[in-house]
Amino acid sequence: MKATFFITLLAVLTIALLITYMVNKEQRSMNRLSSRFIRLLERFNSWQMMR
């Protein structure tokens, strides 16, 4: 009885950690993408000013 409880608890904790890791990874990639987009917009604005 105790063994099945501990195995279930371990599985739930492992799944929770995996989900947290995936969400953090996704947020980091979105931040990288948005900063790249902002940098492109800044370059475009400076190019417009020089014209």
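Using a 4.5 Å cut-off between side-chain heavy atoms of Ile, Leu, Val, Met, Phe, Trp and Tyr, with links allowed through other members, Ile15 and Ile7 fall into different hydrophobic clusters.
The distance from atom CG of Leu9 to atom OG1 of Thr14, rounded to the nearest 0.5 Å, is 9.0 Å. Residue Met49 holds its CE atom at 9.0 Å from OG of Ser46, rounded to the nearest 0.5 Å. Note that the CG atom of Leu13 and the CG atom of Leu18 stand 12.5 Å from one another [nearest 0.5 Å].
For Glu26, the CD atom counts as loosely surrounded, since its 6.0 Å shell holds 12 or fewer non-hydrogen atoms of other residues, nucleotides or ligands.
Inter-residue side-chain proximity for Gln27 and Met30 is flagged as unmet; no heavy-atom pair is nearer than 4.5 Å.
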